[in-house]
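Because only heavy atoms are used, hydrogens play no part in the values below, and waters and symmetry mates are left out as well, while side chains stay in.
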Amino acid sequence: MNFQNNRYTLKFADSSDNEGIREVFESGSFQGGISVQYLRNPKPYESFFADGDAAKILVIIDNESGRTAAVGGAVVRSEYLNGKAEKCAYLTGLKLHPDYQRKISFIPKAYDFLRQEIADCKFCYTTVLDDNTAAISMFEKKHKNMPDYHYLGHYTTYCFHGGKNRIPIEKDNLAGFDELMKTHFSHQSLTPVDYHYAGFGEKTFYCVREKGEITACCFVGNQQMWKQYKMCSYGGVYKVISKLPTKLLGYPEFPKADCIVNHGVVSYLYVKDNDRKLCSDFLRSVAADVDFSLLIWGGFENNPLCGALDRMKTVHYGSRLYSVSWEQEKEIIDTIGMEAALL
């Protein structure tokens, strides 16, 4: 689709767009006291497919220069929704290269283009960082030719380490986990039905057992072959904190500026009866076994395990979760169990 006097083309991406998508991702960063770039190198187009069953990725091409001006779209995967496996779409957010800010009018066109490809999805949703006030302001107002964004609540991403052998843990013994998928995770809406998605990275399974029963478990994955966090710079009080021996104090070690963060991602975290002490002891014991500088886990506001992470020494940031609907939306009645690894 061409627009603005054929200056720009809106199309679905393919592998030939990798370089242009990479340039868009490298042009932006999370701003604030800690400035971080979120990257999908070396093949960003393929990295979206690693997160689900399909990906519908849009790009806008500047026909004069051949540059990629914007990228966005949706990752489609089977997720639990109120106890049933349903086809859902996570909207990845629209990233616009700074050189094209305020130069392109395309948002309604992009939504209409995307809608046709995800019309069979039972539920669509997205997240927006708390600091992205411009996007929040736009989404929370009604706009013609745009879907409705309905605020569902707050999602916190925790970065932690504090590794210490607190309790004995097992590795890579998944006996009983498939039963947990049926009895527990199926009632965590927006939890992926398939825990084998490549986007989770190369995973190790950790658990604690009592008389053979799993009482706590999670996967820890190295997803750096698909996604990276690049620490750009520190500002304000974080410029001082980043130079302190935070690891000795139980907090994650702050990576040096201009370096890729050596992160691992925690997924499918389960703790019997949501026991906060068991959760803390388990995660600290897991952290002691891994080679990552920090571990990442995310939880929605109605996830009881957030209470355990809130009591640990973490660095965290927040996002707003929205359902995205062109028609009547489906209501979520269960606890929400989105996995930070696939956001």
Side-chain angles (χ1 to χ4, degrees), residues 29-39 129-131 154-169 171 201 204 206-208 215-224 227-271 274-301 303-319 339-341 343:
S29 64
F30 302 160
Q31 297 300 320
I34 301 177
S35 179
V36 178
Q37 273 188 338
Y38 174 58
L39 307 174
L129 288 170
D130 287 344
D131 291 339
H154 197 253
Y155 187 86
T156 303
T157 302
Y158 299 89
C159 306
F160 65 94
H161 198 279
K164 189 173 183 179
N165 291 312
R166 302 297 292 267
I167 54 176
I169 54 177
K171 293 172 65 173
T204 299
Y206 291 91
C207 70
V208 176
T215 56
C217 70
C218 72
F219 291 95
V220 176
N222 182 353
Q223 60 173 187
Q224 293 174 53
K227 302 175 186 175
Q228 306 84 34
Y229 295 91
K230 181 180 180 181
M231 183 59 65
C232 297
S233 63
Y234 296 99
V237 67
Y238 286 103
K239 187 174 288 188
V240 177
I241 294 175
S242 66
K243 294 180 169 62
L244 298 177
T246 52
K247 193 171 182 179
L248 295 177
L249 302 174
Y251 289 93
E253 183 179 6
F254 280 68
K256 294 180 180 179
D258 206 35
C259 288
I260 299 295
V261 179
N262 180 25
H263 80 282
V265 63
V266 174
S267 57
Y268 294 91
L269 177 62
Y270 164 80
V271 179
N274 301 308
D275 185 309
R276 293 183 177 184
K277 184 178 186 307
L278 176 57
C279 183
S280 175
D281 288 346
F282 172 61
L283 289 177
R284 293 190 65 184
S285 298
V286 168
D289 189 69
V290 301
D291 294 325
F292 302 109
S293 300
L294 59 83
L295 295 176
I296 296 174
W297 178 80
F300 187 66
E301 62 182 39
N303 189 325
L305 294 181
C306 287
L309 272 292
D310 287 335
R311 296 172 66 178
M312 294 173 60
K313 294 180 177 180
T314 68
V315 177
H316 54 269
Y317 58 91
S319 305
E339 294 291 358
L343 301 181

Original post:
Do the side chains of F160 and Y251 get nearer than 4.5 Å, heavy atoms only?
Top reply: no
Original post:
Is there a donor-acceptor pair under 3.5 Å between the side chain of Q223 and the backbone N or O of A341?
Top reply: yes
Subject >> Stepwise side-chain contact (heavy atoms from CB on, under 4.5 Å) check, L278 with T215 >> reply: CA-CA 9 Å; L278 176 57; T215 56; 4.2 Å; yes
Original post:
Does any non-hydrogen side-chain atom of D289 lie less than 4.5 Å from one of K171?
Top reply: yes
**OP:** Evaluate the criterion side-chain contact (heavy atoms from CB on, under 4.5 Å) for residue pair K313 and H161; output intermediate values, then yes/no.
**Re:** CA-CA 8 Å; K313 294 180 177 180; H161 198 279; over 6 Å; no
Original post:
Less than 4.5 Å apart, any side-chain heavy atom of V240 and any of Y234?
Top reply: no
**OP:** Taking all non-hydrogen atoms of both residues into account, name the closest pair between L343 and K227 and its distance.
**Re:** O-NZ, 3.7 Å
**OP:** To the nearest 0.5 angstrom, please state how far the CG atom of D131 sits from the OG atom of S319.
**Re:** 9.5 Å
Original post:
Atom CH2 in W297, atom CG in L269: separation rounded to 0.5 Å?
Top reply: 5.5 Å
Original post:
Counting N and O atoms only, with roles assigned by atom type, does the side chain of E301 sit under 3.5 Å from a partner on the main chain of H154, one being a donor and the other an acceptor?
Top reply: yes
Subject >> Heavy-atom check, side chain of L294 versus side chain of F292, under 4.5 Å >> reply: no
Subject >> Minimum side-chain heavy-atom gap Y155-C306 below 4.5 Å >> reply: no
Original post:
What do the steps show when you test V36 against V261 for side-chain contact (heavy atoms from CB on, under 4.5 Å), and what is the final call?
Top reply: CA-CA 10 Å; V36 178; V261 179; 5.7 Å; no
Original post:
Between H263 and Y229, does the ring centre distance come in under 6.0 Å?
Top reply: yes
Original post:
Which pairs pass salt bridge (charged side-chain N to carboxylate O under 4.0 Å, His left out) with one or both residues in residues 228-252, sequence neighbours excluded?
Top reply: K230-D258
**OP:** To the nearest 0.5 angstrom, please state how far the CD1 atom of I34 sits from the SG atom of C232.
**Re:** 11.5 Å
**OP:** Give, for atom SG of C217 and atom OH of Y270, the distance between the pair rounded to the nearest 0.5 Å.
**Re:** 7.5 Å
**OP:** Kindly give the heavy-atom pair with the smallest separation between F282 and Y206, and that separation in Å.
**Re:** CZ-O, 3.7 Å
Original post:
Taking side chain as C-beta onward, heavy atoms only, is Q224 less than 4.5 Å from N262?
Top reply: yes
**OP:** Would you confirm whether R284, through its side chain, and K164, through its main-chain N or O, come within 3.5 Å as a donor-acceptor pair?
**Re:** no
Subject >> Residue pair V315, F254: steps toward the side-chain contact (heavy atoms from CB on, under 4.5 Å) verdict >> reply: CA-CA 10 Å; V315 177; F254 280 68; 4.0 Å; yes
Original post:
side chain to side chain donor-acceptor pair (under 3.5 Å) with D281: which residues, sequence neighbours excluded?
Top reply: K277
Original post:
Would you say D130 and Y317 make side-chain contact, with heavy atoms under 4.5 Å?
Top reply: no
Original post:
What are the two closest non-hydrogen atoms of T246 and I241, and how far apart are they?
Top reply: CG2-O, 3.8 Å
**OP:** Please examine the side chains of Y158 and L295, heavy atoms only from C-beta on, and report whether any two atoms are closer than 4.5 Å.
**Re:** no
Subject >> Atom pair CG/OG1 of L283 and T314 - distance to nearest 0.5 Å >> reply: 11.0 Å
**OP:** Any chance you could measure M312, atom CE, to D310, atom CG, to the nearest 0.5 Å?
**Re:** 10.5 Å
Original post:
Which pair of heavy atoms, one from N165 and one from S285, lies closest together, and at what distance?
Top reply: C-OG, 3.9 Å
**OP:** Quick one: closest heavy-atom pair of L305 and V271, and the distance?
**Re:** CD2-CB, 3.9 Å
**OP:** Looking only at non-hydrogen atoms, find the nearest pair between A340 and G298 and report the distance.
**Re:** CB-N, 3.8 Å
